Amino acid sequence: MTRSTTILTFLFSILFFNACDKTNVPTLPEEPTNVPPEEIISIPVVIHVINYSPNPFVISDEKIQSQIDVLNQDFRKLNPDHINTPGEFKHLVADVGVEFKLATIDPSENPTTGIIRTESMVVASDGHEDIESIEERSLYFYNKGGQDAWPNHKYLNIWIADYSNRLGNLGLPGYANPPGSDPRIDGVVMDPRVFGTLEPLADGHKFGRTATHEIGHWLNLKHIFAKDKDCESSDQVEDTPSQYESRTGHPVHPQFSCGSNDMFMNFMDYVNDNAMFMFTKGQKERMRELFNEGGTRRELYLNNKSNYRK
């Protein structure tokens, strides 16, 4: 064996050993137990538009995008009207650090606009908890005229469906199925007349804040008044004052109950869209806890991190 051949054989053996040595395989750093407070959490959204075929409604792609824009303002403290927060509450106004985007990839890894449109006789009330059996809530099942949820560990599902009363007017604006719900129904249901900032819109619902409110529920927030006409119950957030009952319309600060001024301008009350404009730091903490280790929406957070690999 020549000297050059011996050297080549030696070098090859070193390269082969190192290639097989698992200790040299690079690994991604482990995710921290708690999401860093400065990290922006990104959530893909799929909009399931189920149009009522006997009397179709109008909801354009632009109207849907306007709602996504509102969410990204409200959850990032970028909404211009947050400056209207009364002085006693200004120090509590929070940037929640959550952003939303229409999904671009569907569960089968195909491109999507994030907006799925169908027509049927199904309406929003066909998905409400008043129907005890989930299997009978036709809103959530394609084979019953609704639309199946996309995996809740990857997406926020929003169903848009008609919620008219017997007179044809807006009934219930929307409702949410909170963390821990059956994956088949996990998400938010909205009437098109309260969604986005483009007409047609119902009075009191022209700023897109109904979706902000309902997604607040989806992220584990309770109403600011906790339980109507009760000062003893709690929304389990320390920096929101106890409030005797919900406020509606466009109240003028101060409104007093339960020994303090009410924070009716919080997104989790029932006031008109143009009278609500804040989340608190305590609400931010409660929402973000869902994405920490052991939290109900931890997998959703991990699946949407650009540097995360299973």
Side-chain angles (χ1 to χ4, degrees), residues 71 74-75 77 79 81-82 84-98 127-130 156 163 171-182 185-191 194 204-205 207-292 294-297:
L71 295 175
D74 290 349
F75 281 83
K77 193 184 167 184
N79 54 307
D81 55 355
H82 84 266
N84 297 327
T85 305
E88 65 177 306
F89 301 136
K90 277 188 183 293
H91 68 290
L92 297 174
V93 182
D95 172 1
V96 178
V98 174
H128 200 264
E129 62 182 3
D130 293 342
L156 161 57
Y163 213 132
L172 186 66
Y175 58 92
N177 295 312
S181 298
D182 187 298
I185 67 171
D186 188 8
V188 172
V189 180
M190 306 284 300
D191 184 281
V194 303
H205 299 275
F207 282 41
R209 263 57 190 274
T210 305
T212 301
H213 176 102
E214 298 302 339
I215 291 171
H217 285 313
W218 181 78
L219 289 173
N220 207 31
L221 293 186
K222 297 184 177 184
H223 288 130
I224 195 77
F225 49 90
K227 184 178 180 181
D228 206 32
K229 298 183 179 180
D230 182 356
C231 286
E232 301 304 317
S233 59
S234 170
D235 65 352
Q236 299 177 349
V237 177
E238 288 189 6
D239 62 6
T240 57
S242 295
Q243 184 171 316
Y244 182 68
E245 60 185 331
S246 62
R247 299 287 182 180
T248 59
H250 201 298
V252 176
H253 181 77
Q255 299 288 328
F256 187 83
S257 73
C258 298
S260 59
N261 289 331
D262 293 345
M263 193 186 280
F264 61 79
M265 69 293 307
N266 193 284
F267 289 125
M268 300 312 294
D269 206 341
Y270 279 164
V271 296
N272 289 355
D273 277 13
N274 60 350
M276 57 170 62
F277 30 76
M278 64 170 292
F279 288 118
T280 70
K281 294 176 181 177
Q283 288 174 316
K284 169 184 178 176
E285 183 178 351
R286 181 174 172 85
M287 285 188 272
R288 291 178 68 93
E289 282 175 354
L290 291 173
F291 304 103
N292 292 338
T296 310
R297 302 208 184 281

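Nothing here was measured: the structure is a model prediction, and the numbers come from that model.
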Quiz prompt | Chi angles and distances behind the ring pair (Phe, Tyr, Trp, His ring centres under 6.0 Å) call for Phe225, Tyr270 | solution = CA-CA 9 Å; Phe225 49 90; Tyr270 279 164; 5.3 Å; yes

Minimum heavy-atom separation for [X] and [Y], please, with both atom names.
X	Y	result
Phe291	Arg297	CD2-O, 3.3 Å
Ala226	Ser234	CB-C, 3.4 Å
Val194	Pro173	CG2-O, 3.5 Å
Ser233	Lys227	OG-CB, 3.1 Å
Phe279	Asp74	CD1-O, 4.0 Å

Could you measure the distance from the [atom1] atom of [X] to the [atom2] atom of [Y]? Nearest 0.5 Å is fine.
X	Y	atom1	atom2	value
Asn220	Gln283	CG	CD	11.5 Å
Asn79	Leu71	CG	CG	11.5 Å
Ser242	Glu232	OG	CD	8.0 Å
Asn261	Phe89	CG	CZ	5.5 Å
Thr296	Leu219	OG1	CG	10.5 Å

Exercise. Return yes when atom CD of Glu88 has more than 12 non-hydrogen atoms of other residues, nucleotides or ligands closer than 6.0 Å, and no otherwise.
Key: yes

Under a 4.5 Å cut-off applied to non-hydrogen side-chain atoms, are [X] and [Y] in contact?
X	Y	answer
Pro178	His217	no
Asp81	Asn274	no
His82	Met278	no
Ile224	Asp235	yes
Met268	Met263	no
Glu245	Ser257	no

Quiz item: Could you walk me through whether Thr280 and Asn266 pass the side-chain contact (heavy atoms from CB on, under 4.5 Å) check?
Solution: CA-CA 8 Å; Thr280 70; Asn266 193 284; 3.7 Å; yes

Practice problem: Output yes when a side-chain donor or acceptor of Asp228 lies under 3.5 Å from a complementary backbone atom of Ser246, and no otherwise. | Solution: yes

Practice problem: Show the numbers, then the answer: is there a side-chain contact (heavy atoms from CB on, under 4.5 Å) between Trp218 and Asp186? | Solution: CA-CA 8 Å; Trp218 181 78; Asp186 188 8; 3.1 Å; yes

Quiz prompt | Residue pairs passing the ring pair (Phe, Tyr, Trp, His ring centres under 6.0 Å) test where at least one lies in residues 229-251, sequence neighbours excluded | solution = none

According to the salt bridge (Lys or Arg N to Asp or Glu O under 4.0 Å) rule, which pairs have a member within [range], sequence neighbours left out?
range	value
residues 250-266	Arg247-Asp262
residues 213-225	none
residues 263-291	none

Self-check item: For Met276, all residues meeting side chain to side chain contact (heavy atoms under 4.5 Å, CB included), sequence neighbours excluded
Solution: Arg209, Phe267, Val271

Quiz prompt | Glu129 and Ile185: CA distance, side-chain angles, deciding distance, side-chain contact (heavy atoms from CB on, under 4.5 Å) verdict | solution = CA-CA 10 Å; Glu129 62 182 3; Ile185 67 171; over 6 Å; no

Self-check item: Any residue meeting ring-ring contact (aromatic ring centres under 6.0 Å, His included) with His128, in chain and number order, not counting sequence neighbours
Solution: Tyr175

Practice problem: Start with the C-alpha distance between Phe75 and Ile215, add both sets of side-chain angles, then the distance that settles side-chain contact (heavy atoms from CB on, under 4.5 Å), and finish with yes or no. | Solution: CA-CA 10 Å; Phe75 281 83; Ile215 291 171; 3.8 Å; yes

